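Quick caveat: nothing in here was measured; it's all calculated off a predicted structure.
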Amino acid sequence: MVGKRIFRFKGLSKSICGYITVYLSLMLGIIITFITTMLMGICIHTIRFEAECVMDMGMDSIFAEYHREMLNRYGLFFIDSSYGSQVCSKEYTKSHLLRYMNKNFSGKADNLTKNITGIHGDNGELSNISYATDNMGEVLLYQICQYEKDRYFLDMADGALENVDIEKILEEYGSLEAERESAANKVDSIMEEINSGLDEDEDPYSISNPADSVEYLSDSNVLYYAFGDVGQLPLESVILSDYVSKRSISEGTGLRSYQQLPVTHKLILEKYIFENCGYYEHIRDNSRLSYQIEYLLAGKASDLENLEEISETIFKTRYVINMSYLLSNTARQEEALAMATLACTIIGQPELVEAVKYTILFAWGYAESAKDLRILFDGHSLSLTKTDNSWNTPLSQLITFKQHLDIYMVPTGNINYETYLKGFFILKDTKTLTLRLMDVMEMDIRETRGNSYFKMDGQIYQMTASVNISSCLGYGCNIARGYSYE
């Protein structure tokens with residue numbers, strides 16, 4: 001029987017086990033370090049990714065807090081940094097951003113990732129803020145252009161006065177007034193010379209010049225010609241120092257370098273204004289001033305003053321047109337000559353005839369211009385030039401023309417009151433119009449509930465936000481985002 005051999009290596013198993021323990025200990029340390037590093041990397045990436053997502057959500061949230069009345073009334077998007085309070089401050093906007101972010105960071109109690117990372121927005125800063133008022137309203141104008149650009153095809157040649165140089169017409173008015181005064185002074189000078197040769201006991205000569213009845217009215221309020229009784233008009237007034245064009249305002253960074261106003265920005269602004277602002281016979285509901293476009297053009301504190309200035313400007317343009325017609329129309333001049341001859345013959349001073357004729361012509365043009373004003377404010381249209389058929393004031397009514405302002409042939413022209421308002425936009429620079437438009441916006445929005453302290457220089461169009469993020473793992477980061485309504 002062969003015996004079974006058993007080989008034993010004393011101490012061998014303990015030696016092998018010892019090597020394995022050391023090897024596993026070394027490997028386990030590397031593996032744990034690798035795993036923890038990977039976990040930390042995942043946590044950091046999660047924190048960073050979540051912070052960016054929540055930052056976007058927070059920015060979306062505060063930009064969703066656009067001012068409702070600005071949108072409803074004017075179709076524009078702005079963040080009101082006062083949030084209904086008396087003071088506009090970017091700190092309010094920053095606190096809203098941090099609150100929205102931290103609400104999203106906290107999540108639900110059973111969300112393991114958020115409980116582990118403990119992410120929190122500590123503080124932040126808002127920079128590169130563009131307010132509506134920056135650069136005299138350029139930011140507001142830019143958004144208006146963005147708002148309008150897809151709504152209409154804009155034709156540069158728009159309106160019946162596009163080829164009329166209104167500024168030149170007003171200069172011609174000054175020249176005509178100088179001629180009128182020269183003619184009147186000539187009559188006075190001749191009469192003084194005649195009377196200076198009389199004896200003391202002789203009565204001085206005086207001429208019954210029909211133009212004198214108009215002469216003393218030349219400095220009167222033209223609103224009577226436009227309306228008659230202005231007491232029936234809805235007239236309001238404001239304190240201009242309360243509004244953006246007359247007070248100190250907050251300043252931001254304005255438009256970005258890539259944001260440029262289109263070449264047609266003034267035409268776009270004109271269209272926007274006539275869509276969103278009221279004027280005579282088109283008064284907008286719930287407006288602080290009844291005649292808003294008149295305010296944009298005249299800039300006075302009351303409806304009465306604004307209407308008066310617009311009426312005077314229209315009167316001057318009509319006066320130039322009417323005098324151009326009279327001074328080129330032989331038949332009308334012969335009528336004036338006949339009346340002047342009669343007036344001078346009565347006192348036996350024929351040398352006065354020519355000067356008196358011109359004073360009568362200027363008075364006649366004045367009376368016709370007064371009637372033109374009444375026609376416009378009655379809602380009718382006038383033609384750009386005068387003809388025999390469109391002349392409404394007979395010379396026989398010169399002395400009593402104020403009593404016949406309501407008697408006229410209904411004209412068939414294409415220039416109405418709105419056309420004149422649009423024509424006057426040429427005389428105003430864009431920045432002045434934009435500043436006054438912001439006044440109107442403040443006036444009207446302050447009339448709405450909860451907006452008594454509304455200010456255009458607190459309306460944010462775009463900005464950059466930077467928020468510092470911390471976590472319970474000791475990792476922190478800074479997230480920055482630039483947002484705009486564009």
Pair T419-N414, side-chain donor/acceptor within less than 3.5 Å: no
side-chain contact (heavy atoms from CB on, under 4.5 Å) partner of W391, the single match among T387, T393, D388: T393
E442 and its salt bridge (Lys or Arg N to Asp or Glu O under 4.0 Å) partner, picked from R247, K246, R73, K455: R247
Euclidean distance, T359 OG1 relative to R180 CZ, rounded to 0.5 Å: 10.0 Å
Ring geometry between F63 and Y483 (parallel below 30°, tilted from 30 to 60°, perpendicular above 60°): tilted
Would R284 and Y74 count as a cation-pi pair here, with the cationic atom under 6.0 angstrom from the ring centre and within 45° of the axis? yes
Rounded at 0.5 Å granularity, tell me how far CE in M323 sits from CG in L361. 5.5 Å
Distance-only polar pair, side chains of R318 and Y420, donor-acceptor under 3.5 Å: yes
Judged by modelled atom types alone, do D134 and Y461 share a side-chain donor-acceptor pair under 3.5 Å? no
Nearest atoms (heavy-atom pairs only) where A132 meets M438: O-SD, 3.9 Å
If the threshold is 4.0 Å, N to carboxylate O, is there a salt bridge linking K186 and E179? no
Check: G458 main-chain N/O paired with S81 side-chain donor or acceptor under 3.5 Å: yes
Do the ring planes of Y83 and Y92 sit parallel (below 30°), tilted (30 to 60°) or perpendicular (above 60°)? perpendicular
Compute whether any side-chain donor of one residue and acceptor of the other, for D303 and Y295, lie under 3.5 angstrom apart. no
Are K402 and Y224 in a cation-pi setup, meaning NZ or CZ lies under 6.0 angstrom from the ring centre and within 45 degrees of the ring axis? yes
From CD (E486) to CD (Q462), nearest 0.5 Å: 7.0 Å
Could you check whether F274 and Y279 have their ring centres less than 6.0 Å apart? yes
Closer than 4.0 angstrom, basic N to acidic O: yes or no for D372 and K386? yes
Is it true that E418 and K422 have a side-chain N and a carboxylate O under 4.0 angstrom from each other? yes
Does L297 form a side-chain contact (heavy atoms from CB on, under 4.5 Å) with T313? I'd like the steps, not just the answer. CA-CA 11 Å; L297 296 170; T313 307; over 6 Å; no
Under-4.0 Å salt bridge between K300 and E309: yes
Report the relative orientation of the aromatic rings in Y319 and Y366; use parallel for angles under 30°, tilted for 30 to 60°, perpendicular for over 60°. perpendicular
Rounded to the nearest 0.5 Å, what separates atom OG in S245 from atom NZ in K431? 15.0 Å
Between Y280 and Y417, how do the two ring planes meet: parallel, tilted or perpendicular, split at 30° and 60°? perpendicular
Run the salt-bridge test on E270 and K266 with the 4.0 Å N-O cut-off and return the result as yes or no. no
Reported NZ-to-CG distance for the pair K428 and L296, which is rounded to 0.5 angstrom: 10.5 Å
Pair E65-H96, side-chain donor/acceptor within less than 3.5 Å: yes
Option among T430, L255, T434 that satisfies the side-chain contact (heavy atoms from CB on, under 4.5 Å) test with E138: L255
Closest contact, heavy atoms only, L289 versus A301: CD2-O, 4.4 Å
Can you measure from CE (M409) to NZ (K371) and round to the nearest 0.5 angstrom? 9.0 Å
R68 charged N/C atom sitting above Y66 aromatic ring, 6.0 Å / 45°: yes
Look at the aromatic rings of F362 and Y358 and report parallel, tilted or perpendicular, splitting at 30° and 60°. tilted
Working note: E91 + K94, criterion salt bridge (Lys or Arg N to Asp or Glu O under 4.0 Å); need CA distance, chi angles, decisive distance, verdict. CA-CA 5 Å; E91 296 300 317; K94 183 177 73 175; 3.0 Å; yes
